Amino acid sequence: MTVTVATLGFPRIGPKRELKTALENYWAGKTPESALLATASALRATAWKQQRELGAEIIPSNDFSLYDHVLDTSAMVGVIPEIYGWKGGQAGLETYFAMARGAQGGAAEESCTHGHAHTGHGAPAAEMTKWFDTNYHYLVPEFAADQNFRLASTKALNEYLEAKALGIETRPVLLGPVSYLLLGKNTGNKFDPLSLLARLLPVYREVLQSLVRAGAQWVQIDEPCLVLDLPDAAQAAFMHAYDVLVAAEPQLRVMLTTYFGALGDNLATVLALPVHGLHIDLIRAPEQLAAVLAGARPDLVLSLGVIDGRNVWKADLNEILDRIEPVVHAGRRIILAPSCSLLHTPIDLERETELDPDIKNWLAFAVQKIKELSILRRALNEGRESVRNILDDSSRAVASRRTSGKINDSAVKTRTAHVDPSLARRASPFQIRRELQKQKLNLPPYPTTTIGSFPQTPEVRKARAEHGNGIIADAVYEQFLREETLRAVRWQEDVGLDVLVHGEFERNDMVQYFGEQLSGFIFTKHAWVQSYGSRYVRPPIIFGDVARPKPMTVEWWRYAQSLTNRPVKGMLTGPVTILNWSFVRDDQPRSETCRQIAFAIRDEVADLEAAGASIIQIDEAALREGLPLRRDEWRNYLGWAVECFRIAASGVGDATQIHTHMCYSEFNDIISSIAAMDADVISIETARSKMELLDAFSGYQYPAEIGPGVYDIHSPRVPEVLEMTTLLKAAAARLPADQLWVNPDCGLKTRKWPEVRLAIENMVAAALAARI
Ligand SMILES: Nc1nc2c(c(=O)[nH]1)N[C@@H](CNc1ccc(C(=O)N[C@@H](CCC(=O)N[C@@H](CCC(=O)N[C@@H](CCC(=O)O)C(=O)O)C(=O)O)C(=O)O)cc1)CN2
Ligand SMILES: [Zn+2]
């Protein structure tokens with residue numbers, strides 16, 4: 001039986017971030033809709049052709065998105081809340097981007113280029129949240145109890161036809177109906193979204209029918225929720241959904257795709273579905289192959305996710321063949337594929353011309369991964385001899401990474417080998433530290449602060465780019481940053497903030513900045529990955545033992561503190577967040593890599609304290625995101641993640657105040673771990689939920705101080721004083737007032753100065769009012 005190669009999705013952003021440029025120009029009113037659509041269409045054409053040239057036979061369509069594929073699904077089935085003013089028919093770009101970014105006069109993110117702040121009341125953007133355990137964010141569908149569904153976008157059909165017109169037969173991708181419902185939320189949690197399934201399915205049938213009429217042979221239906229712990233009702237929902245959809249279009253074949261983990265207790269349900277193919281993730285869950293083979297109908301086509309779609313390492317192709325050859329020889333129809341969509345990997349390693357060649361030889365990005373699949377196919381179809389050299393090269397590359405002198409730092413290994421428990425413990429308990437800190441800092445009640453970053457203006461980005469390209473000298477760049485910092489410090493004093501920040505102007509990103517200064521990391525020039533909408537990140541790559549050759553942030557802190565008598569917070573990214581937002585080596589447990597980073601941060605904390613910092617913030621924005629998808633793995637993760645934070649934070653004296661910050665987090669089910677981090681102050685995102693998130697802290701009688709965000713920084717809308725006073729009252733109703741700080745939800749890097757000035761003035765006024 002001939003083996004074929006499929007991809008499940010390809011990066012959308014373009015090799016040169018063409019999509020970002022096109023979107024931001026369109027939002028700024030600089031280019032018309034037609035220009036955006038032309039760029040999008042050219043990017044799709046390039047991606048299809050490229051995948052074909054690389055040897056993929058089964059190429060997806062409708063994996064592209066202008067913003068987000070879950071939002072695309074909402075548009076497809078007409079889940080468009082009334083506030084967006086949709087009148088029926090095809091949902092246009094205006095409606096689509098209103099949901100993504102808020103509408104005029106409201107919360108549109110990059111749309112206003114005139115430099116003034118919006119205080120209007122248009123429609124706010126839909127809520128955004130993490131896509132499984134990735135740093136990709138999707139727009140949460142919001143269902144009404146009487147939700148009606150109707151076809152509002154023919155994007156899937158259009159893109160299928162667009163590819164066909166280029167002579168490329170594709171397998172359209174849809175987010176499956178059950179995962180779509182499970183990923184949504186309903187107003188007030190008053191009903192089970194799965195109760196909407198029967199009403200949703202007819203729209204899916206309509207879409208499938210249109211695809212069949214256009215000539216589609218197969219569709220790929222993604223049901224990633226099948227790797228989660230599911231309520232019993234979900235099992236029945238899957239059965240019902242696929243009975244209906246498969247029966248509706250008998251000519252169409254359905255490839256059901258699962259990824260990011262093992263099917264586990266959902267396996268029996270999956271194997272009972274009348275689908276024609278099943279994709280499983282053999283990177284996250286290699287062990288599930290045996291169970292799937294044992295239980296799968298003989299005619300079920302198996303798509304094996306053998307190449308890692310979540311990381312950047314070259315695969316050992318011989319090792320994969322050892323596992324897959326027996327399956328092929330047993331006569332089953334096999335498709336080879338990446339473990340998940342390649343959305344989460346950068347596009348092309350060849351664009352990185354400045355990497356250490358030894359390390360570059362260990363890497364594979366999306367393009368290289370498809371090549372790996374086509375080599376595997378050839379080995380399976382024609383025998384390993386036909387590609388012997390390439391196979392052996394891959395095994396050698398992997399072996400050389402495991403044994404390279406570059407990855408090993410014996411001093412680091414020795415230090416992390418035996419962690420004395422006292423290293424992860426502050427000298428005294430919180431109540432004692434608190435008194436010492438009070439005396440030292442002498443802050444008013446409801447102290448005010450911000451989370452760290454101030455606007456990364458085009459001027460800041462331009463200066464950094466010019467510095468990077470050698471157009472401006474080190475001294476000129478540093479002088480520029482000093483002036484930005486000086487202005488920010490003066491302004492914070494003027495506006496009356498109690499605890500200041502230096503503003504993070506020197507940082508490109510809160511993770512990459514540290515990665516660039518730590519050994520064991522390499523960073524790229526072009527390896528962007530989408531985080532949300534037009535916002536991308538270049539995750540650093542951790543290839544070896546991590547050490548801190550020298551202080552990373554002390555000079556900028558020292559400079560900022562030299563300008564003022566008020567305390568300036570030392571500002572660091574925590575070990576768990578650096579780990580979760582990097583590509584991580586796979587030759588040792590993540591916990592071990594995290595511990596190495598924790599020691600590096602611990603040293604930085606010590607240096608900041610020695611330089612005189614009395615407050616040091618260690619951000620752990622990604623702690624919650626790294627939580628395993630299955631509950632039975634939570635304990636283990638939280639155990640080492642919390643320990644790593646404590647290693648980073650516990651080297652200081654009792655009078656030094658440790659802050660941490662977390663955004664995008666649901667705390668209820670992990671509150672004891674949050675408390676176990678033993679930070680003196682935690683700032684969290686609570687403005688959108690109107691302080692409801694604080695219930696977790698009050699219910700638990702969380703002992704330490706908390707800064708519940710009173711200002712939603714994801715929107716350019718400037719909150720009124722009264723709104724924030726109301727939020728502070730809501731916070732004070734839940735927690736003792738002397739535990740409370742006043743701050744925004746998160747850093748202000750994506751905002752503009754005019755918005756920030758007004759919003760923080762109002763925030764300080766709200767704090768003053770609360771003190772009376
Ligand atoms: N890693 C990470 N993950 C995170 C967050 C985060 O802050 N970091 N925040 C949450 C939300 N996610 C976010 C992800 C990205 C951005 C963001 O602002 N990204 C920037 C890029 C940030 C960056 O790396 N900036 C670099 C490079 C900027 C750039 O594009 N420069 C131009 C040149 C610019 C010029 O000449 O004017 C170029 O290189 O071509 C810098 O400032 O130095 C963007 O897409 O625009 C914000 C939030 C969750 N996950
Ligand atoms: Zn944040």
Side-chain angles (χ1 to χ4, degrees), residues 13-21 23-24 27 68 109-110 128-131 133-138 344 346 351 450-469 471-472 477 480-481 484 501 503-516 523-541 571 573-574 576-583 617-626 659-665 682-688 707-709 711-714 743-752:
I13 63 183
K16 298 186 173 153
R17 290 181 293 163
E18 290 87 344
L19 187 56
K20 177 185 181 69
T21 314
L23 283 167
E24 291 179 357
W27 293 332
D68 162 44
E109 230 211 288
E110 284 87 2
M128 212 166 56
T129 196
K130 300 273 173 181
W131 174 248
D133 57 357
T134 74
N135 193 2
Y136 176 87
H137 304 61
Y138 73 92
H344 312 287
R351 293 210 57 214
T450 60
I451 304 303
S453 57
F454 281 125
Q456 286 276 330
T457 58
E459 293 73 39
V460 172
R461 294 233 151 109
K462 180 160 169 273
R464 185 157 40 253
E466 290 182 346
H467 175 242
N469 295 335
I471 297 169
I472 60 174
Y477 179 55
F480 169 84
L481 293 174
E484 290 289 317
V501 296
E504 303 182 25
F505 300 105
E506 76 287 9
R507 302 186 187 177
N508 41 18
D509 173 78
M510 60 187 283
V511 168
Q512 195 182 357
Y513 182 73
F514 290 92
E516 286 174 5
F523 47 94
T524 58
K525 274 213 142 63
H526 307 285
W528 294 95
V529 178
Q530 187 181 17
S531 180
Y532 70 89
S534 70
R535 295 282 176 180
Y536 309 157
V537 294
R538 266 175 305 190
I541 298 169
M571 189 58 60
T573 303
V576 186
T577 299
I578 292 181
L579 181 88
N580 281 334
W581 287 350
S582 299
F583 289 116
Q617 178 174 315
I618 308 172
D619 293 325
E620 283 294 18
L623 187 123
R624 164 81 214 202
E625 162 191 323
H659 289 218
T660 189
H661 161 72
M662 285 180 202
C663 37
Y664 289 114
S665 292
I682 181 172
S683 59
I684 59 170
E685 177 174 19
T686 41
R688 271 200 201 179
Y711 154 34
D712 173 16
I713 60 88
H714 298 103
N743 49 255
D745 265 348
C746 187
L748 297 161
K749 63 189 160 208
T750 58
R751 299 269 55 87
K752 297 182 167 69

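Since we're looking at a predicted model, the values are computed, not measured. One-based numbering, in listed order, for ligands and for the atoms of each.
Geometrically, ligand 1 and R507 share no nitrogen or oxygen pair separated by less than 3.5 Å. Backbone and side-chain nitrogen or oxygen atoms of T750 are examined, and none is located within less than 3.5 angstrom of a nitrogen or oxygen of ligand 1. The shortest N or O to N or O distance between K749 and ligand 1 is below 3.5 Å. Any N or O atom pair closer than 3.5 Å counts here, and W581 shares no such pair with ligand 1. Annotation: N135 places an N or O atom under 3.5 Å from an N or O atom of ligand 1; distance criterion only.
Judged as a side-chain contact (heavy atoms from CB on, under 4.5 Å), and not counting sequence neighbours, the contacts of T450 are F454, Q492, L497, V501, P744, L748, I760.
Across all their heavy atoms, Y136 and H344 have their closest contact at CB-CE1, 4.0 Å.
Atoms of ligand 1 found under 4.0 Å from any heavy atom of D509, numbered from 1 in the order shown, are 1 (N), 2 (C), 6 (C), 7 (O), 8 (N). Near Y532, meaning under 4.0 Å from any of its heavy atoms, are these atoms of ligand 1: 11 (C), 12 (N), 13 (C), 48 (C). Atoms of ligand 1 found under 4.0 Å from any heavy atom of R464 (numbered from 1 in listed order, with element): 41 (C), 42 (O), 43 (O).
Summarising the contacts of atom 33 (C) of ligand 1 with A465, G747, S582, P540, the nearest heavy atom is found in A465. Heavy-atom proximity to atom 18 (O) of ligand 1, evaluated over R535, H467, K462, K20, is greatest for R535.
Listed by chain and number, the protein atoms of type N/O/S under 2.8 Å from the Zn ion (ligand 2) are H661 NE2, C663 SG, C746 SG; waters are omitted.
The closest approach between any non-hydrogen atom of S534 and ligand 1 is below 4.0 Å.
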